[in-house]
Amino acid sequence: MIIDSFQPGSQETYQQDGAGSHGTASNNHPASFTLTNDNTYFTALVASSAAVPIVAAMITVAVYVAPFPANWHLWIAVPLGAIITLITWLLFAIPCRRFASAIYANRCSYGSLINQLRDLRARLHVLDDRQQGKSGAPPSDTCKIALEEAHTWCDDIEWELTCKGLCWLLATGYINMWKLLHHAEEALIEVEPIEAVINTAVHDELCLQNSNISNSEVLLDKLRMAVKKMSPSAAVYLTKQSREQEASSNPQSQGNQSRSDTEAEARTTLREVRRTLNEYRDNLWEGLIHTRNRLMMIVVITGFLAYILLSLYIVLNVGPKYVVAGTTFFLVGAIVGLFNRLHLETQSNTAVNDYGLSMARVIATPLLSGLAAVGSVLVITLLTGAMETSAAQKILLEDLPSIYSISPWHIILAAIFGLAPNLLIGMLQQKAESYKSDIQSSKAT
């Protein structure tokens, strides 16, 4: 597979093939570049942080409720659980360091990036040969600038792909690389042959036709008029013709323009249309990634807070049987919520790469559902067992551990309220599905 053959550091093969004559990104990166975070171990710790509070809670509860003959395990459960978890976390992070590189953090996006980057390099190689062997008039300054921009952005992408850091785990690095790649493709519209530009314009028209971009009709009009100016015969390949009254509103001014000026204006217009389309897609991808990162941050923070609360009750020595009861309610809610989430995920759109957002929802559900189940037993028991304010305060302050007893009624409560977090996660899923739908609508159909 191409994503396996393109290892970090192999970008110099472009230079060996002669496809990149504007500098070797892998050896001589742009002077304006600064190295991205290369702390792979820190990235690995972040990658595995979501599981830390869950593992710590499991170890702590196991030590606390274990039937040891002596009672020493009651007071050592929390520190022992924390120490074992910390050591496990530090050791487990070692093999997770690979996720700090672009090739392993998201293989799908990396493979697509490499495919398009190689295609772009091949096109630049042909354009360079044509520029060097051209015997006629020298290229315009606009063409030189566009060609240099494309080379620079390709070099930047190659250099960034060799770097390692947290940006790949958070997927923000991929979005930045896609933006650079799109800028390079837009620049080529200024210098590529008319046939290639027309091909790009026809594809962009198909992308814009059913898209949810607010000004898609305006963009379509500009694209069609630009294509007609560049090559009137190519307008027949568009799904609709341009508005004749606008294209020929001022024939005298058109007659005063040279063919090269008209073509340059059309290329600029097509480049702006492509830029608008790319920005629309990139913003949607960025929205998906930010949603995923925020959800995972909530999971990590909530997990650590829940572990602190569990440790507090264990330090207060509430009794193993109450801890077992609370753990049972947590597991019941987590299992019910997880199965419901898996069912809902089968109905989501999988045609668009969401950079792990669907997996983040699956990871968040057991934790939130388990906490909702534990909290529901407390709240419902207080409401049903103490109708008067004074009685409720007495139960809450003096006999809180007695609330957590395993009974069919409490198990049913935990199962029912284990479904509650899916309402919140479902709202996030609807927002994510709207992002995916908008991305799908901007693809050629």
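Keep in mind that this is a model prediction, so the values were computed, not measured.
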Contact summary for I289 and A171, nearest pair of heavy atoms: CD1-O, 3.4 Å
Flag side-chain contact, heavy atom, 4.5 Å: D156 against W153: yes
Charged N-O contact under 4.0 Å between K179 and E160: no
Between NE2 on residue H290 and CG on residue L170, distance to nearest 0.5 Å: 9.0 Å
Cation over ring face, R292 and Y355, 6.0 Å, 45°: no
Steps toward side chain to side chain contact (heavy atoms under 4.5 Å, CB included) verdict (F417, V374): CA-CA 9 Å; F417 281 87; V374 174; over 6 Å; no
Passing candidate, side chain to side chain contact (heavy atoms under 4.5 Å, CB included) with L288, options L357, N293, N353: L357
Donor-acceptor contact present, side-chain D438 to main-chain N212, <3.5 Å: no
Side chain to side chain, T200 and L188, heavy atoms closer than 4.5 Å: no
S211 side chain vs S442 backbone, donor-acceptor pair below 3.5 Å: no
Whether R267 side chain and E192 backbone form a donor-acceptor pair below 3.5 Å: yes
Beyond-backbone contact of W89 with L45, side-chain heavy atoms, under 4.5 angstrom: yes
Minimum side-chain heavy-atom gap T269-L223 below 4.5 Å: no
Test log, rule side chain to side chain contact (heavy atoms under 4.5 Å, CB included), inputs C154 and L120: CA-CA 8 Å; C154 286; L120 196 59; 3.3 Å; yes
Student check: side-chain heavy atoms of L368 and N422 closer than 4.5 Å: no
Option passing side chain to side chain contact (heavy atoms under 4.5 Å, CB included) with T85 (candidates I59, T60, L80): I59
Any donor-acceptor pair under 3.5 Å from N215 side chain to V218 backbone: no
Note, E205 side chain near Q209 side chain (heavy atom, < 4.5 Å): yes
Shortest non-hydrogen separation from G418 to P421 and the atoms involved: O-CD, 3.5 Å
Trace of the side chain to side chain contact (heavy atoms under 4.5 Å, CB included) decision for I411 with F329: CA-CA 6 Å; I411 295 295; F329 302 148; 4.0 Å; yes
Closest heavy-atom pair and its distance - A306, L371: CB-CD2, 3.7 Å
Salt bridge present between E272 and K222 (N-O < 4.0 angstrom): no
Spacing of OG belonging to S216 relative to CG belonging to N210, to within rounding of 0.5 Å: 9.0 Å
Polar contact flag, side-chain donor to acceptor under 3.5 angstrom, Y435-T291: no
Rounded distance (nearest 0.5 Å) linking atom CD1 of I314 with atom CG of L309: 10.0 Å
Donor-acceptor under 3.5 Å (R97 side chain, A44 main chain): no
Nearest heavy-atom neighbours spanning E186 and R275: OE2-CA, 3.4 Å
No-hydrogen, no-angle side-chain donor-acceptor test under 3.5 Å, W178 and S112: no
Where L161 and Y110 come nearest, the two heavy atoms and their spacing: CD2-CE1, 4.1 Å
Test item: D119 side-chain N/O and N115 main-chain N/O as donor-acceptor pair under 3.5 Å: no
Any donor-acceptor pair under 3.5 Å from Y104 side chain to C96 backbone: no
Note, R341 side chain near Q429 side chain (heavy atom, < 4.5 Å): yes
Test item: S369 side-chain N/O and P366 main-chain N/O as donor-acceptor pair under 3.5 Å: no
S434 side-chain N/O to K431 backbone N/O, donor-acceptor pair under 3.5 Å: yes
T365 OG1 to I425 CD1 distance, which is reported to the nearest 0.5 Å: 3.5 Å
Over 12 non-hydrogen atoms of neighbours within 6.0 angstrom of CZ in F339: no
Exam field: side chain S311 to backbone Y307, donor-acceptor pair closer than 3.5 Å: yes
Between Y174 and W168, ring centroids under 6.0 Å: yes
Check against side chain to side chain contact (heavy atoms under 4.5 Å, CB included), R281 and I439: CA-CA 6 Å; R281 291 171 175 167; I439 293 172; 5.5 Å; no
Residue pair I175 / W285: nearest heavy atoms and the distance that separates them: CD1-CB, 3.4 Å
Point-to-point distance, once rounded to the nearest 0.5 Å, from CD1 of I298 to CG of L367: 11.0 Å
Note, Y280 side chain near T276 side chain (heavy atom, < 4.5 Å): no
Donor + acceptor pair across side chains of Y64, N317 (<3.5 Å): yes
Gap between atom CG of L147 and atom CG of D128 - 0.5 Å precision: 5.0 Å
